[in-house]
Amino acid sequence: MFETVAIPVWVLWVAGLLALVGALDRILIPSVRWYLRRRLNRAIARLNDRLQLKIQPFKLTQRRVMIDRLAHDPAVVEAALAHAQGEDIPYPVAADMAKKYAREIVPSFSAYAYFGLAIRLARWLSTALYRVRLGQVDEKALSAIDPGATVVFVMNHRSNMDYVLVTYLAATRSALSYAVGEWARVWPLKQLIRTMGAYFIRRRSRNGLYRRVLARYVQMATEAGVTQAIFPEGGLSRDGFLKPAKLGLLNYIVSEFDLETSRDVVFVPVGLNYDRVLEDRVLLAAHQGQPMSKWGQFTTGARFVGKHIWLRVTGRIHRFGYASVSFGRPMSLRAFAQDRTTQSHERMTAELGRALMAEVGRVVPVLPVSLIARVLTRDDPPVQRGDIRAAVEAELEELTRLGAHTHMPRKSLDYAVETGLRMLVLRRALTVEGTGEAACYRLDPAQRALLTYYANGIAHLNAPRGPTRRVPNAGQSADPGAP
């Protein structure tokens, strides 16, 4: 019993290693986790002190806990039972599908990643590509939003840069939770987007169980006061026009709203515009029935990035003009619903969608390229620089009279005309002959669709200055840039 037993040295090493792992798991790791959690809580408290819209505890809940809560929500369990009966499959299979959808949707928010990485990256990328300008902002109305309300930023969708630009400009207000489409579900972008608090959605899914899981997540986040950002158009505008709202996410919010017991939801309209949309040619190709393949989109993007890096290295870089964001008047869902208590939530959602898109359209900023494009796409466009300036001035006066927000760089119409024309010449949409006021600008017929795209971006402002032609549509196809 007390005899010496010889064992191999490697067995001793393995036993020692297992003992060390056990000690770390039981003693050291919990202490480190507690220490890091305490530091995180302090950091969140400091962030909430300076943010207008606080980070809600719901957003900080561990992802696996949220997945279990969502998958076992009574409404989701009921939907899983109905799906099992409808598809003639065992309930455990339907329940596993619901959990899979929950795992796909639920984000993994990291305050350090959002405020330490995402905000800095958004600021750098936005200012590296554009001259960023904050347009119309009703600070008094925004400051008067009930701190207990759920705030939802409602935006038009011009570019995938929208996520970056609004994240940067809203950094002092809150951490935004975006609804992001399947285009971003690729490694490593998927993991990064999840840590930013965004959640993925299948915009074209007709699966009833999936839609119920998504609806419950949106409703749970709304009930918990999570600040969100949505694009009611559902995807990038292919022809530049502001599109009517798709009511999916809005319907999820409205359907569970109760005037007496629910937390108020305040919608903040946000209008975005660019002198150059990065995806414009890809979107136009899709709109005209000639969508690029995935490989074509990749090679086009790679060439664009390579050229941009080369121009930056050689010191010949030109930023892509101006990018501007305006914030409109907040709209309370409680106030909106009080006047419509007899309506079904479907009808109320439709009216809410129209009202929100009207407000979003009202605050879309007018930028130099949009103005120039609007003037040059008329049936009888001016050619000489002086005539273009006069036409732009008349257009500007009419837009201002109609209440549009216009951004004049350096508060100079001459400089705005100069920058708009220069941008279009660089894009090879215009050719120029001569200099000064006598310079003549000719539109390349092959590029008319490009100019029409930018003119359409402010067409909803209804300045009665002649027709703007709709970009011809030769067919429908999947939107390559849709989120």
pair [X]-[Y]: side-chain heavy atoms closer than 4.5 Å:
X: Phe320; Y: Leu278; result: yes
X: Pro232; Y: Leu356; result: no
X: Val360; Y: Val154; result: yes
X: Met161; Y: Arg276; result: no
X: Val268; Y: Ile145; result: yes

[X]: which residues meet the side-chain contact (heavy atoms from CB on, under 4.5 Å) condition with it, sequence neighbours left out?
X: Ser332; result: Asp264, Arg334, Ala335
X: Arg211; result: Arg206, Tyr252
X: Ala416; result: Pro368, Met408, Pro409

Exercise for the section: Evaluate the ring planes of Tyr274 and Tyr130, with Trp represented by its six-membered ring, and classify them as parallel (under 30°), tilted (30 to 60°) or perpendicular (over 60°). Expected result: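 Ring orientation, 0 to 90° scale: tilted.
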Handout entry: Cation over ring face, Arg410 and Tyr322, 6.0 Å, 45°
Key =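 No, a cation-pi geometry is absent between Arg410 and Tyr322.
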Exercise for the section: Using only heavy-atom distances, determine whether the side chains of Gln228 and Thr222 contain a donor-acceptor pair under 3.5 Å. Expected result: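 Checked: Gln228/Thr222 side chains pair up, N/O donor to acceptor below 3.5 Å.
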Exercise for the section: Indicate yes or no: does Glu397 engage Arg401 in a salt bridge with an N to O separation below 4.0 Å. Expected result: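 Looking at Glu397 and Arg401, the cut-off is not met.
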Handout entry: Output field: ring centroids Tyr163/Phe231 closer than 6.0 Å
Key =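 Yes; Phe231 has its ring centre under 6.0 Å from that of Tyr163.
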Handout entry: Approximate separation, where rounding is to 0.5 Å, of Met155 CE and Leu165 CG
Key =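 One finds 10.0 Å between CE of Met155 and CG of Leu165.
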Exercise for the section: Please answer whether the main-chain N or O of Val106 pairs with a side-chain N or O of Arg63 as donor and acceptor at a distance below 3.5 Å. Expected result: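 Yes, Arg63 side chain to Val106 backbone: donor-acceptor pair under 3.5 Å.
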Handout entry: Neighbour count >12 (heavy atoms, 6.0 Å) for atom CZ, Arg428
Key =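 At most 12 heavy atoms, drawn from other residues, nucleotides or ligands, come within 6.0 Å of this atom.
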